[in-house]
K.L.:
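Sharing a structure here in structure tokens format.
Sequential numbering from 1 along the given sequence is applied to the chain's residues.
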Amino acid sequence: MKRKGLILGITGQDGSYLAELLLEKGYEVHGLIRRSATGNTKNIDHLLGQITLHPGDLADSPSLYRIIQSLRPNEIYNEADQDHAGWSYDLVDYASDITGGAVGRLLEIIRQTDSKIRFFQPLTSNMFGIAENSPQNEATPLRPQSPYACAKAYAFMLTRYFRDVHGLFASCAIFYNHESPRRTQSYVTHKITRAAVRISMGLQDKLILGDLESKIDFGYAKEYVEAAWRILQLSAPDDFVIGTGEVHSVREFLEEAFRAVGLNASDFVESDPKLFRPGKTSTLVADYSKAKKAIGFEPKVTFTELVQILIDHDKEELQKERGRQG
């Protein structure tokens with residue numbers, strides 16, 4: 001029989017790539033979809049007919065219980081949450097519940113329905129916040145600096161609790177920033193690449209951002225979701241850091257993006273202190289040596305290649321938009 005995978009947050013960046021991966025590996029793929037996401041299925045439109053979508057919401061325990069109890073999937077990937085650190089400053093209660101508390105709901109439902117289900121919980125390097133060491137590994141103490149990161153830390157502790165106390169196969173990956181063309185425009189990387197392309201096409205005059213000196217460990221999302229799958233194929237549950245092990249500033253990302261369209265970033269970009277986040281973290285960079293040894297994880301797409309992937313996608317999208325407008 002086909003293995004059955006349930007992806008929560010299937011319409012998002014990681015969820016959609018994960019759906020593709022599971023289909024390639026012969027899984028029967030199911031996804032949870034919220035009512036507010038029914039009109040935003042762009043990332044999975046090409047998969048409709050190959051996957052089964054179920055209405056539900058992380059805030060609604062009965063819907064989660066109904067789906068899990070009826071499907072009894074082999075694996076559950078929780079790619080659904082309020083995953084934007086900036087938004088969490090203004091949505092503290094929502095971020096706490098959907099990003100943190102919902103993980104407890106899911107794991108308790110698994111415990112009550114089928115404790116053999118394997119569960120994957122993605123986390124964020126932002127949990128390290130003001131980090132005591134660099135690079136960070138699985139043993140680095142947590143000191144989050146945003147409500148989003150605090151909620152992820154709670155999700156981490158809940159996953160470990162259900163693993164240690166109730167014996168569930170529940171694993172985590174602490175993901176560093178991972179980008180792709182499927183990132184929404186609320187993220188700085190997509191803001192930059194789209195603006196660079198728009199400016200090169202004469203559709204925009206300038207770009208205003210926050211802290212340009214912030215250093216980030218940028219990776220490619222497709223490689224990270226494959227790591228998630230590999231983690232659930234291990235003989236025992238565990239936690240892993242997934243990143244590239246190198247950092248680049250937002251300014252470097254800007255310069256690379258504008259260079260890719262033949263422009264100089266300094267001619268078009270301004271920094272506004274009003275856009276700086278209230279909680280500043282240390283420079284977060286991954287020590288992924290444990291994942292390299294356990295699952296063979298090794299990032300392949302370089303920083304320059306990643307920026308070019310995003311630029312090429314935005315060029316194609318904007319050219320299509322122009323074509324539709326006549």
K.L.:
Where does the angle between the aromatic ring planes of Tyr176 and Phe128 fall among parallel (under 30°), tilted (30 to 60°) and perpendicular (over 60°)?
P.N.:
tilted
K.L.:
Is Arg66 atom CZ crowded by more than 12 heavy atoms from other residues, nucleotides or ligands, each under 6.0 Å away?
P.N.:
yes
K.L.:
Check this for me: does any side-chain nitrogen of one of Lys293 and Glu298 sit under 4.0 Å from a carboxylate oxygen of the other?
P.N.:
no
K.L.:
Please lay out, stage by stage, how Asn43 and Thr11 fare under the test side-chain hydrogen bond (donor to acceptor under 3.5 Å, both in side chains).
P.N.:
CA-CA 6 Å; Asn43 290 336; Thr11 60; over 6 Å; no
K.L.:
So which atom in Ala196 and which in Leu263 form the shortest heavy-atom distance, rounded to 0.1 Å?
P.N.:
O-CD1, 4.3 Å
K.L.:
Roughly how far, to the nearest 0.5 Å, is OG of Ser289 from CG of Asn137?
P.N.:
7.0 Å
K.L.:
Going by distance alone, is a donor N or O of one side chain under 3.5 Å from an acceptor N or O of the other, for Glu179 and Thr189?
P.N.:
yes
K.L.:
Please report the shortest heavy-atom distance between Ile68 and Pro73, naming the atom on each side.
P.N.:
O-CD, 3.9 Å
K.L.:
Assess whether a salt bridge exists between Arg251 and Glu255, defined as any Lys/Arg side-chain N lying under 4.0 Å from an Asp/Glu carboxylate O.
P.N.:
no
K.L.:
State whether Lys320 and Glu316 are salt-bridged, where the test is any N-O pair (Lys NZ or Arg NE/NH1/NH2 against Asp/Glu carboxylate O) under 4.0 Å.
P.N.:
yes
K.L.:
Give, for atom CD1 of Ile199 and atom CE of Met201, the distance between the pair rounded to the nearest 0.5 Å.
P.N.:
12.5 Å
K.L.:
Got a second to check how far Thr159's OG1 is from Phe119's CZ, nearest 0.5 Å?
P.N.:
5.5 Å
K.L.:
Under 30°, 30 to 60°, or over 60°: which ring-plane class applies to Tyr224 and His178, parallel, tilted or perpendicular?
P.N.:
parallel
K.L.:
To the nearest 0.5 Å, what is the distance between CD on Gln13 and CG on Leu18?
P.N.:
11.5 Å
K.L.:
Would a distance-only check, ignoring hydrogens and angles, find a side-chain to backbone donor-acceptor pair under 3.5 Å from Arg198 to Gln204?
P.N.:
no
K.L.:
With under 30° as parallel and over 60° as perpendicular, where do the rings of Tyr161 and His166 fit, or are they tilted in between?
P.N.:
perpendicular
K.L.:
Indicate whether any N or O donor in one side chain lies under 3.5 Å from an N or O acceptor in the other, for Glu75 and Tyr27.
P.N.:
yes
K.L.:
We want to know whether Ser171 and Asp238 form a side-chain donor-acceptor pair, criterion being a heavy-atom distance below 3.5 angstrom.
P.N.:
no
K.L.:
Grab the two heavy atoms, one from Leu47 and one from Ser16, that are nearest each other, plus how far apart they are.
P.N.:
CD1-O, 4.2 Å
K.L.:
Is any NZ, NE, NH1 or NH2 atom of the basic residue among Lys290 and Asp239 found under 4.0 Å from an Asp or Glu carboxylate oxygen of the other?
P.N.:
no
K.L.:
Looking at Lys300 and Glu223, is any side-chain nitrogen of the basic one under 4.0 Å from a carboxylate oxygen of the acidic one?
P.N.:
no
K.L.:
Could you walk me through whether Phe253 and Phe218 pass the ring pair (Phe, Tyr, Trp, His ring centres under 6.0 Å) test, one step at a time?
P.N.:
CA-CA 9 Å; Phe253 195 100; Phe218 293 105; 5.1 Å; yes
K.L.:
For Val241 versus Glu138, what's the shortest heavy-atom pair and its separation?
P.N.:
N-OE2, 2.8 Å
K.L.:
Hey, what's the ring geometry for Phe120 with Tyr77, parallel, tilted or perpendicular (30° and 60° as the breaks)?
P.N.:
tilted
K.L.:
If you compare all heavy atoms of Leu58 against all heavy atoms of Ile98, which two are closest, and at what distance to 0.1 Å?
P.N.:
CD1-O, 3.8 Å
K.L.:
Between Phe297 and Tyr288, does the ring centre distance come in under 6.0 Å?
P.N.:
yes
K.L.:
Is there a donor-acceptor pair under 3.5 Å between the side chain of Arg163 and the backbone N or O of Ala170?
P.N.:
yes
K.L.:
Any idea which heavy atoms bring Gly243 and Asp217 closest together, and the distance?
P.N.:
C-OD1, 4.1 Å
K.L.:
With distance as the sole criterion, is a donor-acceptor pair present between the side chains of Ser63 and Asp57 under 3.5 Å?
P.N.:
no
K.L.:
Between Arg182 and Asp14 (salt bridge meaning N to carboxylate O under 4.0 Å), is one present in this structure?
P.N.:
no
K.L.:
Hey, are Gln50 and Glu20 close enough side-chain-wise for a donor-acceptor pair under 3.5 Å?
P.N.:
no
